[in-house]
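Written below as structure tokens is the structure these notes are about.
Chain A is the first sequence line, chain B the second, and so forth, proteins listed ahead of strands; every chain is numbered from 1.
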Protein chains: 2
Amino acid sequence: MAKKRILSISKNQLGRLPNYVHHLQALRAVGIEKVTAPQVARDLNLNVELVKKDFALVAKRQGTPRSGRDISELITDMYDFLEYSQHDKAILIGVGSLGKALLHYRGFDDYGFNIVAAFDVDSALIGSKVDGIPIYNLDDLEKVQSEHRSQIAIITVPAKEAQKVATRLISANIAAIWNFAPAHLKVPSRIIVQDENMASSLAIISHRLKEKQRAKK
Amino acid sequence: MAKKRILSISKNQLGRLPNYVHHLQALRAVGIEKVTAPQVARDLNLNVELVKKDFALVAKRQGTPRSGRDISELITDMYDFLEYSQHDKAILIGVGSLGKALLHYRGFDDYGFNIVAAFDVDSALIGSKVDGIPIYNLDDLEKVQSEHRSQIAIITVPAKEAQKVATRLISANIAAIWNFAPAHLKVPSRIIVQDENMASSLAIISHRLKEKQRAKK
DNA sequence: TAGATTGTTAATCGATTAACAATC
DNA sequence: TAGATTGTTAATCGATTAACAATC
């Protein structure tokens, strides 16, 4: 009787949702109105049961056997589940090439947050703007943050500086860190850390490639 | 009797190796010569048994109870395992802000490959160089690739173009694709695809943050 | 010797996959 | 009605964690 929205979502499931959203939007764009789990499973190379469960978890209503679900409704439910509509502020620390690339990326709005300030130590950058986002002196981190009270910090500084920056961010009341530096951050358990481990991805791709090359000969 | 290097490594294990390498190098840099699994587990917030097994998998020799392993030897073993020394060529398609950031990143050498060419459709970019890497017209992809015979392609084009580019890359004999476009690529099973899913990471971080905010009030 | 760490086997946990009745 | 798809329960699989004897 009681809605069993008690069971929480796993990290894996959560990570699949944006892929679904993207694919469903593509289907809707070509005029398709209904979608079934087997169809999506085929398209995205996933197990059918996996897709069924993911859909069931986020959808507010049950699907109808044989005809599936309404695409628009499913997309809306996914957006609701992901709460992209409730925006959070973010700051970015380290305006190197990767930091700049992220500042240029104008799609964060779609994912529920927007970058309000960036920081660097390079005096050539401080005071300028990238796509409308002001770049402050890293020394002023605490001051600027006390005004904005951002929830999320994006770390794109060199690995060596990452821990120092993280520590400062935490005392400045950041709740979540999106870490692009190839370094392990020591933080209190209440802080949310998401590591973007490019080095790990590279290790995986490189190893699989070597394996393949060995298999060939 | 026979070395049981038969058991292959999992994706998760592989992904942890670069983190170990980085941490071990940091320890060595401050003059430490020996390392134990419990120590590393504490430092990197991992389970001890996990670290023990990871080390055992890549190390050529057994560790010595109580004193651990020689750091330099362990690092060498990890490099050997990851085969970073055997370089592969890579090309990059899509010189937008993210593509540029990756071209600027000079650390790929350390990970076993180097970018030899980039492609775009923007005539303002074509013919120029970024950090010494020439940018070609995307139309010339097949021609340039037939000379270089690169193994890896990095896709940093918009989602809409990703599949088209991937298909062309495959017929041009690319073995592995590192995909930064938020799109699912349909490829033959022999092709290695590594998705860099920033949208997934964002979904995870954003959801956890919302959860936390709900818990607080 | 005592005690910490190693290597390895067993237990647990969680996610994915399979199976199947209910339903349109 | 027949058949595909849904929701859900059970089985499998793989990775992580726990346990413990062997060793320096």
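In terms of position along DNA chain C, the nucleotide closest to T64(B) lies nearer the 5' end than the nucleotide closest to the other residue of the pair T64(B) and S67(A).
Applying the 4.0 Å criterion to OP1 and OP2 of dT16(D), one finds that R16(B) has a side-chain N or O inside that range.
Note on ring orientation: taking the six-membered ring where Trp is involved, the planes of H207(A) and F81(B) are parallel (angle under 30°, cut-offs 30° and 60°).
Look at CD on Q13(B): it is 14 Å from C1' on dT17(D), rounded to the nearest Å. For the pair L14(B) CG and dA15(D) P, the computed distance is 12 Å after rounding to whole Å. One atom, CD1 of I9(A), and another, P of dG14(C), lie 16 Å apart when rounded to the nearest Å. Taking atom NZ on K11(A) and atom C1' on dT16(C), their separation rounds to 18 Å, with Å as the unit. Rounded to an integer number of Å, the gap from CZ of R66(A) to C1' of dA4(D) is 5 Å. Computed from coordinates, the D54(A) CG to dA15(C) P distance equals 11 Å when rounded to whole Å. Atom CG in N12(B) sits about 12 Å away from atom P in dT16(C), given to the nearest Å. The distance between atom CG of L74(B) and atom P of dG7(C), rounded to the nearest whole Å, is 11 Å.
Not counting sequence neighbours, K160(A) has no partner by the salt bridge (Lys or Arg N to Asp or Glu O under 4.0 Å) test. For Y79(A), the side-chain contact (heavy atoms from CB on, under 4.5 Å) partners are V21(A), Q25(A), I75(A), Y84(A), not counting sequence neighbours. Applying the side chain to side chain donor-acceptor pair (under 3.5 Å) test to T76(A) and every residue at least two apart in sequence or in another chain returns nothing. Taking D70(A) as the reference, nothing meets the side chain to side chain donor-acceptor pair (under 3.5 Å) condition, with sequence neighbours excluded. For N47(B), the side chain to side chain donor-acceptor pair (under 3.5 Å) test picks out no residue, with sequence neighbours left out. For E196(A), the side chain to side chain donor-acceptor pair (under 3.5 Å) partners at least two apart in sequence or on another chain are W178(A), S201(B).
Among pairs with a residue in residues 90-104 of chain A, none fulfils salt bridge (Lys or Arg N to Asp or Glu O under 4.0 Å), at least two apart in sequence or across chains.
A heavy atom lying under 4.0 Å from DNA chain D marks none of the residues of residues 195-210 of chain A. Residues from residues 27-52 of chain A lying near DNA chain C, meaning a heavy-atom separation below 4.0 Å, are N47(A), E49(A), L50(A), K52(A) in numerical order.
Contact annotation for Q62(A): backbone-only contact, meaning every heavy-atom pair under 4.0 Å involves sugar-phosphate atoms and none involves a base.
No donor-acceptor pair closer than 3.5 Å links the side chain of K60(A) to the backbone N or O of D77(A). A distance-only check finds no donor-acceptor pair linking the side chain of R28(A) to the backbone of H23(A) [under 3.5 Å].
Distances were taken from every side-chain heavy atom of P65(B) (C-beta onward) to each of dT16(D), dT17(C), dT5(C); the shortest belongs to dT5(C). Considering only side-chain atoms of R69(B), the nucleotide from dA15(D), dT6(D), dT6(C) that sits closest is dT6(C).
Side-chain N/O atoms of K53(A) and base N/O atoms of dT6(D) include no donor-acceptor pair closer than 3.5 Å.
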Can you list, pair by pair, the side-chain donor-acceptor contacts under 3.5 Å of residues 85-97 of chain B, counting residues two or more places apart and other chains?
unit_1	atom_1	unit_2	atom_2	d
H87(B)	NE2	D109(B)	O	3.2
D88(B)	OD1	Q213(A)	NE2	3.2
K89(B)	NZ	H148(B)	O	3.2

Side-chain donor-acceptor pairs under 3.5 Å in residues 182-195 of chain B, sequence neighbours left out?
unit_1	atom_1	unit_2	atom_2	d
K186(B)	NZ	R42(A)	O	3.3
Q194(B)	OE1	R208(A)	NH2	3.4
D195(B)	OD1	N179(B)	ND2	2.9

So what is the 5' to 3' dot-bracket string for DNA chain D, if pairs are Watson-Crick or G-U wobble with both distances under 3.5 Å, crossing pairs use [ ] and | means the partner sits on another strand?
..||||||||||||||||||||||

